> 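Can you read through this structure? Questions will come right after.
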Amino acid sequence: MPELPEVETIARELKKSVLGKKITEVCVHVPVVIRQPSVEQFKKGLTGATIKNILRKAKVLILELSNGKALTIHLKMTGQLVYPGNGKTSRVSFRLSDGKYLDFFDQRLFADLRLLDDWRQLPFIRGLGPEPFDITTEWFFQMLSKKKAKIKPLLMDQTFISGVGNLYAAEALFRAKIDPQRSASSLSDKESALLLKETQATLREAIVHKGSSVDNYVQLTGLPGGYVKYHKVYDREGKPCIMCKTPVKRIVLGGRGTYFCPKCQR
DNA sequence: AATGGGACCTGCGCGC
DNA sequence: TGCGCGCAGGTCCCAT
């Protein structure tokens, strides 16, 4: 599932390969993924526009266009962007001025493509909390101290901290040795400082390895990301903890599968 | 107000 | 072998 490191990987690759190119044709093979505006308006607004800038906010990709509009893409869980693609088997294909296709795939059709006049006004983006890279240890501690919620669902709450999903929340909590079931306000200043540090480090390392290919995530080239082999707890239920050999436990927290070491994480 | 659960969706893995 | 069920999770929405 694409989280901040996966989307950052794709954004960096898009900058290298499609920045400055013009969209010459838009093929919408599966209309349901176009959430805004109508499919006709979407195609009309994109065709002929040049990709002027590419950025990422949390898990959202933003392609700013020469006509002042922006294409936003939220991959949700199974979305993929591939370049160069074949322009045929995708949900949506963008033919570019180099004659190649930027293909959008999405097995489960949860993803969200929009063409917006002002992406900053998109309610989801307006509601995003700061990314883990943008806060200080003092600030983070203050934020946690006001929250009774369990720490792991809170880390995944995009209005609280943005960019972290189920996988990296589990990894960061393991590295900080914090039980995912603890109330956020129960964390000491030292624990919260360590959690922020490990969250940042986990995300950075995942970016270096171009993301985690669980489910469908692939890089823009179609190759898998390389971070899965560094996962310490995620999807390792019953396997020995890498630190103490205790079997990794899986529980459901906030409706999501949560992996942790019951001995190391307190 | 904050939290929990279902809906959205499809493919895969499991058990019978 | 084949079928049906449960599960996977990002976000929205509604109920409590």
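Chain A is the first sequence line, chain B the second, and so forth, proteins listed ahead of strands; every chain is numbered from 1. Everything quoted here is computed from the prediction, not taken from an experiment.
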> Hey, which of A:Val82, A:Asp103, A:Leu102 is the one that makes side chain to side chain contact (heavy atoms under 4.5 Å, CB included) with A:Leu220?
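Of A:Val82, A:Asp103, A:Leu102, side chain to side chain contact (heavy atoms under 4.5 Å, CB included) with A:Leu220 is met by A:Leu102 alone.
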> Does the side chain of A:Val233 reach to within under 4.5 Å of the side chain of A:Glu171, using non-hydrogen atoms?
yes
> At under 4.0 Å between heavy atoms, what does A:Gly254 touch on the DNA or RNA strands: base, sugar-phosphate, or nothing?
nothing
> Rounded to whole Å, please give me the gap between CD in A:Glu6 and P in C:dG9.
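Those two atoms, CD and P, are 14 Å apart.
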> Ignoring the backbone of A:Tyr234, work out which of C:dG9, C:dT11, B:dT3 is nearest its side chain.
C:dG9
> When the P atoms of C:dT11 and B:dC12 are considered, how many whole Å apart are they?
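Comparing P positions in C:dT11 and B:dC12 gives a spacing of 24 Å.
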> Which nucleotide, in any strand shown, forms a Watson-Crick or G-U wobble pair with C:dT1, with both distances under 3.5 Å?
none
> Give me the distance, rounded to whole Å, that separates C:dG9 from B:dC14 when you measure between the P atoms they each carry.
16 Å
> Restricting to nitrogen or oxygen on both sides, can you table the protein-nucleotides 8-12 of chain B pairs closer than 3.5 Å?
from, atom 1, to, atom 2, distance (Å)
B:dC9, O2, A:Arg108, NE, 2.7
B:dC9, O2, A:Arg108, NH2, 3.1
B:dC9, N3, A:Arg108, NH2, 3.3
B:dT10, O2, A:Arg108, NE, 3.3
B:dG11, O4', A:Gln107, OE1, 3.4

> Whole Å only: how far is the CE atom of A:Met156 from the P atom of C:dG9?
8 Å
> To the nearest angstrom, how far is A:Phe160 atom CZ from B:dT3 atom C1'?
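Nearest whole value for this atom pair: 15 Å.
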> Looking at the rings of A:Tyr259 and A:His231, which for Trp means the six-membered one, are their centres under 6.0 Å apart?
no
> To the nearest Å, give me how far apart NZ (A:Lys147) and C1' (B:dA2) are.
8 Å
> Roughly how many Å is it from NZ in A:Lys150 to P in B:dG4, rounded to a whole number?
5 Å
> Separation of A:Ile73 atom CD1 from C:dG10 atom P, in whole Å?
18 Å
> In whole Å, what is the span from the CG atom of A:Leu122 to the C1' atom of C:dT11?
12 Å
> For A:Val60, is there any backbone N or O sitting under 3.5 Å from a side-chain donor or acceptor partner on A:His74?
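Looks like no, no N/O pair under 3.5 Å.
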> Would you say the side chain of A:Gln36 lies within less than 4.5 Å of the side chain of A:Phe42, judging by non-hydrogen atoms?
no
> Considering just the side-chain nitrogens and oxygens of A:Gln158, establish if one lies under 4.0 Å of OP1 or OP2 belonging to C:dG10.
no
> Taking atom C1' in both B:dG6 and C:dG6, compute the distance separating them and give it to the nearest angstrom.
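Rounded to whole Å, the distance is 15 Å.
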> Determine: side-chain N/O of A:His74 to OP1/OP2 of C:dG10, distance under 4.0 Å, yes or no.
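A:His74 to C:dG10 OP1/OP2: no side-chain N or O under 4.0 Å.
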> Without decimals, in angstroms, what is the distance between A:Ile161 CD1 and C:dG10 P?
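Between P of C:dG10 and CD1 of A:Ile161: 16 Å.
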> Taking atom P in both C:dT1 and B:dG11, compute the distance separating them and give it to the nearest angstrom.
23 Å
> Go through the side-chain N and O atoms of A:Ser183 and A:Lys148 and say whether any donor and acceptor fall under 3.5 Å apart.
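Not at all, the side chains of A:Ser183 and A:Lys148 share no donor-acceptor pair under 3.5 Å.
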> In terms of side-chain geometry, is the basic nitrogen of A:Arg266 or A:Asp179 positioned less than 4.0 Å from the acidic oxygen of its partner?
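Salt bridge flag = no for A:Asp179 with A:Arg266.
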